[in-house]
Amino acid sequence: MATVTTNAPPKTSFSFSVSTPPKHLIPKSPSLHFPPRKNHHRLGLSINAAAAETRNAPPSPDYRVEILSESLPFIQKFRGKTIVVKYGGAAMTSPELKASVVSDLVLLACVGLRPILVHGGGPDINRYLKQLNIPAEFRDGLRVTDATTMEIVSMVLVGKVNKNLVSLINAAGATAVGLSGHDGRLLTARPVPNSAQLGFVGEVARVDPNVLRPLVDCGYIPVIASVAADEAGQAYNINADTVAGELAAALGAEKLILLTDVAGILEDKDDPGSLVKEIDIKGVKRMIEDGKVAGGMIPKVKCCIRSLAQGVKTASIIDGRRQHSLLHEIMSDEGAGTMITG
């Protein structure tokens, strides 16, 4: 568990003004129906469809107003709350999904939420390693990172992926600030226990969120690359899920959201229709023991459990392949994956 350093500066006041309804809140189709979550108590939102014969017609002004009106309880619930989003998977490689994530973040910021985006960048790293004829090697799902690979990881994550995301968010109408774990000693790293086999792969030893607080207080969207240095200044590649979870805990976030390439946690991993909509810590630990949660889902679930144990209210593993999955998760009662509660 990471150590958290706290000496927060005085908060400053900031407010948003939106003169026209954001276009991205308006569905392309006037039909948004989802199966209800099982056994949960989140606020309700029913987005009623227009008549079937008008399915392809442009949404009427009344329909648009209804959608905005039904969003009010969710805006009230989350306004002023910090939401940490880990961005990765297909949402990073598809231009359409990338635009969807960016527009969702901007909309959430405009209605008063305080989003923080954490990212990795595996596909981009692999592409640059290939161009340089450096083989990519993985052990137990983690990238083996020698000194040369670590240099490429830092260049790609901090210099390319991070600044591209900042530019996209700025172009969409919000104001983003790009950071890594190095900046303001936001994160202090330490080597993983099996570093002899993995090289410069690290874990989070300490979080100092003071550099983030004035940014989110003033309405900026921090975009954080998952690299950091140890006490001696040696850089380490850190799993982005881990970084997001530790930051969410240090900031006392309302919600941690991990974007993935799967629908969420499945009761039967071979049945895509067996999505578990909501589960508590005891239940998900039982699923791990029973072998129902396995493979790459285990570290994601454990990341969520750690963040919940440190005070995060809810953690969700959602389907990043779905358009506007962030809005579905936060602004609807049905969500976009699996929500884990304490």
Side-chain angles (χ1 to χ4, degrees), residues 29 31-42 85-94 96-98 100-101 104 118-123 125-126 136-144 194 198 239-245 248 255-309 312 314-330 332-342:
S29 165
S31 176
L32 283 176
H33 280 302
F34 311 99
R37 280 188 189 257
K38 297 179 180 179
N39 301 321
H40 65 93
H41 306 285
R42 301 166 74 186
V85 178
K86 184 267 180 172
Y87 173 57
M92 293 196 78
T93 57
S94 163
E96 293 79 11
L97 291 174
K98 183 181 289 189
S100 169
V101 171
D104 287 359
V118 177
H119 68 87
I125 294 170
N126 290 340
E137 183 182 353
F138 293 85
R139 292 182 185 173
D140 299 324
L142 296 175
R143 183 186 300 277
V144 177
N194 56 337
L198 292 173
N239 179 274
D241 292 331
T242 301
V243 170
K255 193 170 187 65
L256 168 67
I257 300 176
L258 306 181
L259 288 171
T260 69
D261 286 343
V262 295
I265 298 174
L266 303 179
E267 180 70 26
D268 178 355
K269 61 181 182 294
D270 297 320
D271 179 10
S274 64
L275 177 65
V276 177
K277 284 290 191 175
E278 184 171 340
I279 191 170
D280 61 15
I281 290 177
K282 290 182 179 179
V284 79
K285 285 183 175 179
R286 193 178 308 114
M287 290 187 72
I288 294 176
E289 294 170 358
D290 294 342
K292 294 180 178 179
V293 173
M297 185 59 72
I298 291 179
K300 294 182 183 299
V301 169
K302 289 184 175 180
C303 166
C304 293
I305 292 172
R306 284 196 303 273
S307 65
L308 291 168
V312 177
T314 65
S316 295
I317 299 172
I318 70 171
D319 191 349
R321 302 166 300 178
R322 181 179 180 183
Q323 286 276 352
H324 300 294
S325 55
L326 285 176
L327 290 187
H328 282 290
E329 178 61 28
I330 295 173
S332 79
D333 199 34
E334 294 79 13
T338 300
M339 184 172 71
I340 305 173
T341 60

So which heavy atom on [X] is nearest to which on [Y], and how close?
| X | Y | value |
| --- | --- | --- |
| H328 | A336 | CB-CB, 4.0 Å |
| L259 | G320 | CD2-CA, 3.9 Å |
| I281 | G342 | CD1-CA, 3.9 Å |
| V276 | T338 | O-OG1, 2.6 Å |
| G120 | A240 | N-CB, 3.7 Å |
| R143 | G122 | NH2-O, 3.6 Å |

Nearest-0.5 Å distance that lies between atom [atom1] in [X] and atom [atom2] in [Y]:
| X | Y | atom1 | atom2 | value |
| --- | --- | --- | --- | --- |
| Q323 | L97 | CD | CG | 5.5 Å |
| I317 | M297 | CD1 | CE | 5.0 Å |
| L258 | S307 | CG | OG | 7.5 Å |
| L327 | D104 | CG | CG | 3.5 Å |
| T260 | D319 | OG1 | CG | 6.0 Å |
| I298 | M287 | CD1 | CE | 11.0 Å |

Look only at the side chain of [X] and the backbone of [Y], and say whether a donor-acceptor pair between them is shorter than 3.5 Å.
| X | Y | value |
| --- | --- | --- |
| E278 | M339 | no |
| N239 | D241 | yes |
| T314 | I340 | no |

message = Could you walk me through whether I330 and I257 satisfy the side-chain contact (heavy atoms from CB on, under 4.5 Å) test, starting with their C-alpha distance in whole Å, then the side-chain angles of each, then the deciding distance to 0.1 Å, before giving a yes or no?
response = CA-CA 10 Å; I330 295 173; I257 300 176; 3.8 Å; yes
key: Chi angles and distances behind the side-chain contact (heavy atoms from CB on, under 4.5 Å) call for K300, K86   = CA-CA 11 Å; K300 294 182 183 299; K86 184 267 180 172; 4.1 Å; yes
message = Which residues pass the salt bridge (Lys or Arg N to Asp or Glu O under 4.0 Å) test with R286, not counting sequence neighbours?
response =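 Result, salt bridge (Lys or Arg N to Asp or Glu O under 4.0 Å) vs R286: none returned.
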key: Exceeds 12 heavy-atom contacts within 6.0 angstrom, atom NZ of K98   = yes
request  = Please determine which of K255, K277, R322 meets the salt bridge (charged side-chain N to carboxylate O under 4.0 Å, His left out) test together with E329.
outcome  =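 Of all the options given, the one that passes is K255.
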inquiry  = Measuring only between side-chain heavy atoms, which start at C-beta, is R306 closer than 4.5 Å to T242?
reply    = yes
